[in-house]
J.: 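Encoded as structure tokens, here's the structure I'll be asking about.
Order of appearance sets the numbers: ligands from 1, and atoms from 1 within every ligand.
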Amino acid sequence: MKTEIIRINDLSAQNGDLARAADIIRGGGLVAFPTETVYGLGGNATDDGAAKKIYAAKGRPSDNPLIIHIADPADADRYAAVNDTYRRLAKAFMPGPLTVILPRRETIPKSVTGGLESVAVRCPSHPVAHRLIELAGVPIAAPSANLSGKPSPTVAEHVIQDLSGRVDMILDGGPSEIGLESTIVKVDGDDEVTLLRPGGITYDALCMVVGTVHIAPAVTHALAENERPLSPGMKYRHYAPSVPVVLLRGEPEATLAFLMRAQDREKCAILCYFEETAYLKPERLFPVGARGDLAAQAHTLFRNLRAADRTDAEIIYAHLPPENGLGLALYNRMIRAAAHTVRDIP
Ligand code: AMP
Ligand code: MG
């Protein structure tokens with residue numbers, strides 16, 4: 001398949017390009033597109049065949065459900081049984097990086113939901129994503145636009161690396177602002193949700209709108225052998241580079257000293273803070289942002305993991321992020337990339 005790549009520089013002047021992308025979606029084809037979280041791989045969410053093409057293009061197991069993307073939060077009603085908790089979440093956080101899991105209506109085929117009776121709904125804020133969904137006139141099922149097991153793509157170049165020749169079109173809208181996938185919550189009942197995946201909408205922000213917010217154990221801990229995850233995606237080893245990732249926990253000076261020694265001793269890649277760059281050798285060094293700048297660290301995480309993985313490093317070191325605020329989303333992604341390997345630096 002020949003993949004057409006279109007750079008979107010001026011959305012208002014490129015309505016024709018977006019209209020063609022929307023035609024591809026309506027016709028059952030696949031279009032990768034930018035969102036504020038990461039790039040998505042889109043197909044018509046009401047079309048069983050399009051869903052199957054998405055799973056095939058990504059090499060994704062077909063029991064790992066897709067998120068459906070809508071242009072207006074009020075449209076959720078056509079595809080899912082909404083309640084007051086959804087409406088409050090939508091009012092507070094949509095359009096934006098929040099996905100809400102609700103009971104599925106028949107308009108969404110089971111192939112999209114991985115066989116589940118629930119469906120995940122999101123309304124992205126990125127102008128290109130928004131226009132594409134609007135013009136398509138159908139909800140767009142879109143997982144992250146990476147090959148299964150690779151880090152989610154945050155620039156079009158990653159999508160091209162993973163999916164060129166496997167999709168009809170890639171829309172290049174520049175780097176994704178947030179850089180981590182959406183926050184996912186499951187509505188449990190009236191005024192009660194469970195956080196399944198942390199993201200740009202933080203736990204604290206959710207608590208301002210919903211009375212009870214549970215955190216699924218798999219957000220911060222490895223699932224035991226016999227444990228059933230609340231979300232199918234939790235059971236897959238995600239976002240993992242091909243060499244081991246080790247997360248370091250310790251005081252700033254001690255951790256920096258460890259990294260300096262590591263560079264002399266082994267072929268390592270390091271995801272370091274800006275403040276540390278002056279003390280470390282530049283080979284295989286990937287500055288992630290200032291120590292306290294979690295937004296920058298989230299924005300650059302997947303790009304840095306991909307880049308570190310492309311070096312000849314035999315091990316990747318990174319700092320263990322805090323578990324509060326946006327840190328929880330970073331923590332959740334990094335602990336998985338590291339297969340829960342944390343090293344304490346005395
Ligand atoms: P991705 O779009 O690649 O970030 O993956 C979407 C994630 O959303 C998957 O890993 C799923 O586990 C989760 N998800 C989607 N739909 C549902 C659902 N109906 N119930 C639970 N989790 C879901
Ligand atoms: Mg994904």
J.: Which atoms of ligand 1 sit under 4.0 Å from any heavy atom of Arg197?
T.: 1 (P), 4 (O), 5 (O), 7 (C)
J.: As a test of understanding, state which of Asp162, Val159, Leu41 forms a side-chain contact (heavy atoms from CB on, under 4.5 Å) with Pro153.
T.: Val159
J.: Provide the number and element of each atom of ligand 1 under 4.0 Å from a heavy atom of Ile184.
T.: 7 (C), 8 (O), 13 (C)
J.: Would you mind running through ligand 1 and noting each atom that sits below 4.0 Å from a heavy atom of Ser144?
T.: 1 (P), 2 (O), 3 (O)
J.: So, does Arg104 sit close enough to ligand 1 that a heavy atom of it is under 4.0 Å from the ligand?
T.: no
J.: Mind checking whether Glu117 contacts ligand 1 via backbone (N, CA, C, O), side chain (CB onward), both or neither, at a 4.0 Å heavy-atom cut-off?
T.: neither
J.: From the options His69, Glu177, Glu181, Arg122, select the one residue that forms a side-chain hydrogen bond (donor to acceptor under 3.5 Å, both in side chains) with Thr35.
T.: Arg122
J.: Yes or no: does Lys186 have any heavy atom under 4.0 Å from an atom of ligand 1?
T.: no
J.: From the options Val185, Ile184, Val119, select the one residue that forms a side-chain contact (heavy atoms from CB on, under 4.5 Å) with Val100.
T.: Val185
J.: Heavy atoms only: which of Leu196, Ile101, Leu116 is nearest to atom 23 (C) of ligand 1?
T.: Ile101
J.: Suppose I only count heavy atoms of Ser118 and a 4.0 Å limit; which atoms of ligand 1 are within that range?
T.: 18 (C), 19 (N), 20 (N)
J.: Do you see an N/O/S atom of Ser144, backbone or side chain, under 2.8 Å from the Mg ion (ligand 2)?
T.: yes
J.: Applying a heavy-atom cut-off of 4.0 Å, say which part of Asn64 lies close to ligand 1: side chain, backbone, both or neither.
T.: side chain
J.: Would you mind listing the cluster partners of Leu18? Hydrophobic ones only (ILVMFWY), side-chain contacts under 4.5 Å, chaining allowed.
T.: Ile6, Ile8, Leu11, Ile24, Ile25, Val31, Phe33, Val128, Leu132, Ile133, Leu135, Val138, Ile140, Met169, Leu171
J.: Taking 4.0 angstrom as the limit, do Arg26 and Asp23 come out as a salt bridge?
T.: yes
J.: Evaluate the ring planes of Tyr317 and Phe258, with Trp represented by its six-membered ring, and classify them as parallel (under 30°), tilted (30 to 60°) or perpendicular (over 60°).
T.: perpendicular
J.: Check this for me: does any side-chain nitrogen of one of Arg306 and Asp309 sit under 4.0 Å from a carboxylate oxygen of the other?
T.: no
